[in-house]
Amino acid sequence: MNRAFSGFQVVIAAVIAVVFTIIAQLFLEAPDTKMVSLLALGTFLGGVLTPFVSFYLKQKKDTTASNPPSKRSRKGTDSRTLYVGNLPFKVTEEEVEGVFGRYGEVYEVRLVKDRRTGRKKGYGFVEMEVTGADLALAKLNDKDFEGRTLKVRTAHADQSEE
């Protein structure tokens, strides 16, 4: 665990200190002379609890981001997105859907185009049901399609479509 506090951890510590001070003032009916010691105690507790709160929030964030390839599709079932490379430049989304549709239900096909010219770049993404995606990945990777060897991989969440 990193020993230096980040800005987020400082905010958490301050919030814990203020909340503790307010609770102590309300329930313990502490006079103003004890306010400084209560604030110090609240700050101490905030400093002690902050690493645990940050660790918990980081774990929660990492858990939700650990399985990006599988997600819920618009149809309410699990789906997976595949990267498809080395596509012929003249191929249409319907043709790609037909090829991948042999292995399972295809929800969406996105062929990537150059922003300036509008020409296809030769790769795209196919979103389909998980079992069909696994089968298509196994059957279509390194297979010939209209004179080109397809490259099929599981797409990652951080891949950008240009």
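Since the model is a prediction, treat every value here as computed from it, not as a measurement.
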Report summary line: Heavy-atom closest pair (Glu146 atom, Glu95 atom, distance to 0.1 Å) is OE2-OE2, 3.9 Å
Query - Heavy-atom pair of closest approach, residues Met128 and Tyr103 - result: CE-C, 4.3 Å
Query raised in the report: Which heavy atom of Leu87 sits nearest a heavy atom of Arg148, and at what distance?
Result: O-NH1, 3.6 Å
Query raised in the report: Are Arg80 and Asp134 side-chain neighbours, meaning at least one heavy-atom pair lies under 4.5 Å?
Result: yes
Requested in this report: State the CG-CZ distance between Leu135 and Arg102, to the nearest 0.5 angstrom.
Outcome: 12.0 Å
Query raised in the report: Rounded to the nearest 0.5 Å, how far does CZ of Arg119 lie from NZ of Lys90?
Result: 9.0 Å
Requested in this report: Rounded to the nearest 0.5 Å, what's the gap from CG on Leu111 to OG1 on Thr92? Could you check?
Outcome: 7.5 Å
Query raised in the report: So Asp142 and Lys151, side chain to side chain contact (heavy atoms under 4.5 Å, CB included) or not? Walk me through it.
Result: CA-CA 6 Å; Asp142 292 327; Lys151 299 296 177 190; 2.6 Å; yes
**Report entry** Closest non-hydrogen atom pair, Ala136 against Leu82
**Finding:** CB-CD1, 4.3 Å
Report task. Locate the shortest heavy-atom distance separating Glu127 from Ser79; write the atom from each residue and the value. Result -> OE2-OG, 2.9 Å
Query - Min side-chain heavy-atom separation Asn141-Arg153 under 4.5 Å - result: yes
Requested in this report: List the steps and the verdict of side chain to side chain contact (heavy atoms under 4.5 Å, CB included) for Arg110 and Thr81.
Outcome: CA-CA 10 Å; Arg110 297 179 311 274; Thr81 302; 3.9 Å; yes
Requested in this report: Heavy atoms only: give me the nearest Thr117-Asp114 pair and the separation to one decimal.
Outcome: N-OD1, 3.0 Å
**Report entry** Separation between CG of Leu150 and NZ of Lys139, rounded to the nearest 0.5 Å
**Finding:** 15.0 Å
Query raised in the report: Do Val109 and Phe100 have side-chain heavy atoms sitting under 4.5 Å apart?
Result: no
**Report entry** Thr149 backbone acceptor or donor facing Asn86 side chain under 3.5 Å
**Finding:** yes
